[in-house]
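Hydrogens, waters and symmetry mates are skipped; everything else that's a heavy atom, side chains included, is used. Remember, predicted model here, so these are calculated numbers, not experimental data.
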Amino acid sequence: MSMPQDPITKIETAKKKKEIADTAFKTGDLQTALLSYHEAVMYLHGIDKNMLSAMSGAMGGARAPPLPDEETVETPGVQKEKDAQDQKELTEVDDLLSKIYSNQSACHMKKGNWKRALETAEKALSKNEKNYKAQFRKGKAQGELGYVEKALATLEDLLQKDDSGMATTEVQSSSDYPWWVHVDKAGISAEIARIKVADKEREKKHNQKFKGFLNRKPVNSYESVSSTPSHASSTSIQSTDSSVSAASTV
């Protein structure tokens, strides 16, 4: 896969790869989706502020070079505006990466690969901490991996966030919740409830298993020894004392 060098082409190519991946995901072709998401990430890697400055120049027109005796000192206001533009472009790339990583997480969730789902959700949040889909997927993956306390903390924190960026679709249970499409507070609450119920079931099974272990009838080693013929000695065991003595030497 040949890699373009200029930032504009890289970003546009990454967006196209993401579109291919999104379509594949919707049709259930998870392998193609994951491959295209991965390729999109590769195009976005290595784009830094210097490259984005070049991109800004290409988009806004190249600045005329200064005259030989002209000082190239910019006023504070102009420099501040330029720095803000660079930061804006960088944030755009980070936001795109966050969405791609979050969608990768959704793919891994549908495949049941909860470890990779958690890893990619965390990558998404490292690029944009306000990616609510990624935070929800992180919490769900933590729950599936058995990290109940962490999962509840992640989801309960999300529940307290501003819901202006969330959907408002009402759902009856987390099994009906389309977590790969959007995040809403009803779905978050449903997932928290599901994790709590699942954790109680696991604890119940564990307690029953432990209780059964404690109630097991212990094996009587003396009876076991005395009921088994011994050929180790030519002298027969005819008394309780000799039986105990024999048992203690086994």
With side-chain hydrogen bond (donor to acceptor under 3.5 Å, both in side chains) as the test, would you mind laying out the steps for K161 and Q135 before giving the verdict? CA-CA 11 Å; K161 298 286 180 70; Q135 186 169 347; 3.1 Å; yes
Starting from V148, can I reach L155 by hopping between I/L/V/M/F/W/Y residues whose side chains sit under 4.5 Å apart? yes
Taking every non-hydrogen atom, the tightest pair across L30 and C107: CD1-O, 4.1 Å
Derivation and outcome, side chain to side chain contact (heavy atoms under 4.5 Å, CB included), residues N103 and R137: CA-CA 10 Å; N103 290 355; R137 289 162 185 167; 3.9 Å; yes
One should read off an interatomic distance between T13 OG1 and D6 CG, to the nearest 0.5 angstrom, of 8.5 Å
Rounded to the nearest 0.5 angstrom, the CZ-OG distance for F136 and S102 is 11.0 Å
Between A121 and A134, what is the shortest heavy-atom contact and its length? CB-O, 3.6 Å
Check this for me: does any side-chain nitrogen of one of E203 and K200 sit under 4.0 Å from a carboxylate oxygen of the other? no
Pairs in or reaching into residues 146-155: which pass salt bridge (Lys or Arg N to Asp or Glu O under 4.0 Å), with residues at least two apart or in two chains? none
Donor-acceptor check, side chain of S126 to backbone of K123, threshold 3.5 angstrom: yes or no? yes
Distance from M109 atom CE to L118 atom CG, nearest 0.5 Å? 10.0 Å
Are more than 12 heavy atoms from other residues, nucleotides or ligands located less than 6.0 Å from atom CD of E156? yes
Does NZ or CZ of K110 lie under 6.0 Å from the centre of the six-membered ring of F25, at an angle within 45° of the ring axis? yes
Which heavy-atom pair separates L158 from Y132 by the least distance, and what is that distance? CD1-CD2, 3.6 Å
Taking the basic N atoms (NZ, or NE/NH1/NH2) and the acidic carboxylate oxygens, is any pair closer than 4.0 Å for K15 and E92? yes
Any side-chain heavy atom of Y43 sitting closer than 4.5 Å to one from E12? no
Between Y37 and K18, does the side chain to side chain contact (heavy atoms under 4.5 Å, CB included) criterion hold? Intermediate values first, please. CA-CA 6 Å; Y37 283 135; K18 179 181 177 296; 4.1 Å; yes
Rounded distance [0.5 Å steps], NZ in K133 versus CG in N128: 12.0 Å
Would you name the heavy atoms of L159 and S189 that are closest together and state the gap between them? CD1-OG, 3.6 Å
Give a yes or no on whether I20 and L34 share a hydrophobic cluster (residues Ile, Leu, Val, Met, Phe, Trp, Tyr; joining criterion: side-chain heavy atoms under 4.5 Å apart). no
L96 and L35: same hydrophobic cluster, using ILVMFWY side-chain contacts below 4.5 Å? no
I'd like to know if the side chain of S36 and the backbone of A33 have a donor-acceptor N/O pair within less than 3.5 Å. no
Compare every heavy atom of N131 with every heavy atom of A124, then report the nearest pair and how far apart it is. CB-ND2, 4.3 Å
Taking all non-hydrogen atoms of both residues into account, name the closest pair between I100 and A40 and its distance. CD1-CB, 3.7 Å
Check this for me, if you would: do K16 and E19 make a salt bridge, where the nitrogen-to-carboxylate-oxygen distance has to be below 4.0 angstrom? no
Heavy-atom count around H45 NE2 within 6.0 Å, excluding the residue itself: above 12? yes
Should L152 and L125 be counted in the same cluster of Ile, Leu, Val, Met, Phe, Trp and Tyr side chains packed under 4.5 Å apart? no
Going through the checks in order, is the side chain to side chain contact (heavy atoms under 4.5 Å, CB included) test met by K10 and L44? CA-CA 6 Å; K10 280 187 174 184; L44 294 173; 5.8 Å; no
Do Q31 and K111 come close enough that some side-chain heavy atom pair is under 4.5 Å? yes
Side-chain heavy atoms under 4.5 angstrom apart, residues restricted to Ile, Leu, Val, Met, Phe, Trp, Tyr: same cluster for V93 and V41? yes
Run the side chain to side chain contact (heavy atoms under 4.5 Å, CB included) test on K127 and D95 for me, step by step, so that the C-alpha distance in whole Å, both residues' side-chain angles and the decisive distance to 0.1 Å come before the verdict. CA-CA 7 Å; K127 296 298 180 181; D95 184 57; over 6 Å; no
